[in-house]
Engineer: 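First the structure, then my questions, so here it is.
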Amino acid sequence: MDGWRRTAYLLCGDWHAADDLVSIALVKLYRHWGKVSTVEHPDAYVRQILVRTMLNERRRSWRREHPVTTVPDRVAAAGGPESVADRQMFVALLGELPPRRRAVLVLRYFCDLSVEETAAQLGCSTGTVKSQTARALDSLRTRLGGAVVVEEV
């Protein structure tokens with residue numbers, strides 16, 4: 001479950017929301033256990049539940065509002081390869097991406113899935129995965145000033 005929780009955190013960027021996603025995934029897993037118990041890779045099934053649940057939760061209107069008492073200060077963008085190693089900044093940058101692009105990056109580079117496996121998880125074509133990956137990486141590069149380097153495995 002720790003792996004599912006980390007994956008959920010990377011998908012949504014919030015530990016509390018990640019716990020909620022994992023809880024919802026476990027309920028769905030329990031409901032469909034008869035089907036899941038015969039599947040060859042149940043972790044892939046749970047990852048798919050996590051991604052779909054995250055995308056469904058993002059569509060809810062009450063999730064779009066984040067009331068705060070004071071406006072937070074903006075952190076100045078830092079450049080260079082050393083800033084990419086800063087996990088908090090990278091997670092914040094992931095949080096700025098649209099949910100679908102974030103899901104593609106998490107599945108491709110954190111869960112180490114192939115393009116075909118990612119497409120199957122998201123229910124889209126391999127071309128969509130490739131274009132969403134390219135656009136997400138371009139967006140990260142733009143925000144970091146060209147410092148994002150991702151090697152294909």
Side-chain angles (χ1 to χ4, degrees), residues 1-26 28-29 41 43-153:
M1 280 202 346
D2 286 336
W4 297 341
R5 187 171 181 251
R6 284 189 300 270
T7 300
Y9 173 73
L10 289 174
L11 288 170
C12 65
D14 178 23
W15 285 111
H16 299 292
D19 290 336
D20 291 343
L21 283 177
V22 171
S23 296
I24 293 168
L26 287 174
K28 290 181 179 181
L29 182 68
H41 301 288
D43 277 339
Y45 193 89
V46 174
R47 268 197 310 269
Q48 187 171 9
I49 291 172
L50 285 172
V51 169
R52 289 182 178 173
T53 302
M54 183 272 302
L55 291 173
N56 287 339
E57 287 293 314
R58 290 289 180 181
R59 291 184 188 116
R60 294 179 188 234
S61 60
W62 61 271
R63 287 280 188 184
R64 294 184 199 128
E65 295 182 11
H66 301 285
V68 294
T69 56
T70 60
V71 178
D73 292 336
R74 300 277 179 186
V75 177
E82 65 276 1
S83 66
V84 177
D86 183 10
R87 189 181 81 198
Q88 293 296 335
M89 185 175 68
F90 187 70
V91 169
L93 288 173
L94 272 178
E96 294 175 9
L97 293 174
R100 189 100 168 160
R101 290 182 186 172
R102 184 177 334 127
V104 168
L105 287 182
V106 169
L107 291 174
R108 288 279 291 126
Y109 299 107
F110 179 73
C111 296
D112 200 26
L113 298 181
S114 68
V115 172
E116 294 78 17
E117 292 168 331
T118 303
Q121 289 278 314
L122 294 174
C124 62
S125 69
T126 57
T128 301
V129 170
K130 291 176 184 179
S131 67
Q132 291 292 312
T133 303
R135 289 178 184 145
L137 291 175
D138 284 343
S139 177
L140 291 178
R141 284 186 189 104
T142 301
R143 287 183 171 97
L144 286 173
V148 175
V149 177
V150 177
E151 295 180 14
E152 288 292 325
V153 181

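FYI, side chains are in, hydrogens and waters are out, and symmetry mates aren't considered; it's all heavy atoms of this structure.
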Engineer: Roughly how far, to the nearest 0.5 Å, is CG of Asp112 from CD of Glu117?
Structural biologist: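 Rounded to the nearest 0.5 Å, the CD-CG separation comes out at 8.5 Å.
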
Engineer: Ignoring hydrogens and geometry beyond distance, is a side-chain donor-acceptor pair present between Arg135 and Ser139 at under 3.5 Å?
Structural biologist: no

Engineer: For Thr126, check side chain to side chain donor-acceptor pair (under 3.5 Å) against everything at least two apart and list the hits.
Structural biologist: none

Engineer: Is there a donor-acceptor pair closer than 3.5 Å between any side-chain N or O of Arg102 and the backbone N or O of Leu11?
Structural biologist: yes

Engineer: Can you see which heavy atom on Gly13 is nearest to which on Val91, and at what distance?
Structural biologist: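 Distance-wise, the nearest heavy atoms are CA-CG1, 4.4 Å.
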
Engineer: Provide the closest heavy-atom pair for Val129 versus Arg108 in the form atom of the first, atom of the second, distance.
Structural biologist: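 Heavy atoms only, the tightest pair is CG1-CD, 4.1 Å.
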
Engineer: Would you say the side chain of Val22 lies within less than 4.5 Å of the side chain of Thr7, judging by non-hydrogen atoms?
Structural biologist: no

Engineer: Please give me the minimum heavy-atom distance between Leu50 and Trp4, naming the atom from each residue.
Structural biologist: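 Heavy atoms of Leu50 and Trp4 come nearest at CD1-O, 3.7 Å.
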
Engineer: Closest approach of Ala18 and Cys12, non-hydrogen atoms and distance?
Structural biologist: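 It is N-SG, 3.5 Å.
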
Engineer: Counting C-beta onward and ignoring hydrogens, is there a side-chain heavy-atom pair between Leu137 and Tyr109 closer than 4.5 Å?
Structural biologist: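 Result yes, sub-4.5 Å side-chain heavy-atom pair found.
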
Engineer: Give the minimum heavy-atom separation between Gln48 and Gln121, together with the two atoms involved.
Structural biologist: N-OE1, 2.8 Å

Engineer: Which value, rounded to the nearest 0.5 Å, describes the distance between Ile49 atom CD1 and Leu29 atom CG?
Structural biologist: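 Rounded to the nearest 0.5 Å, the CD1-CG separation comes out at 5.5 Å.
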
Engineer: Which heavy-atom pair separates Leu105 from Leu140 by the least distance, and what is that distance?
Structural biologist: CD1-CD1, 3.7 Å

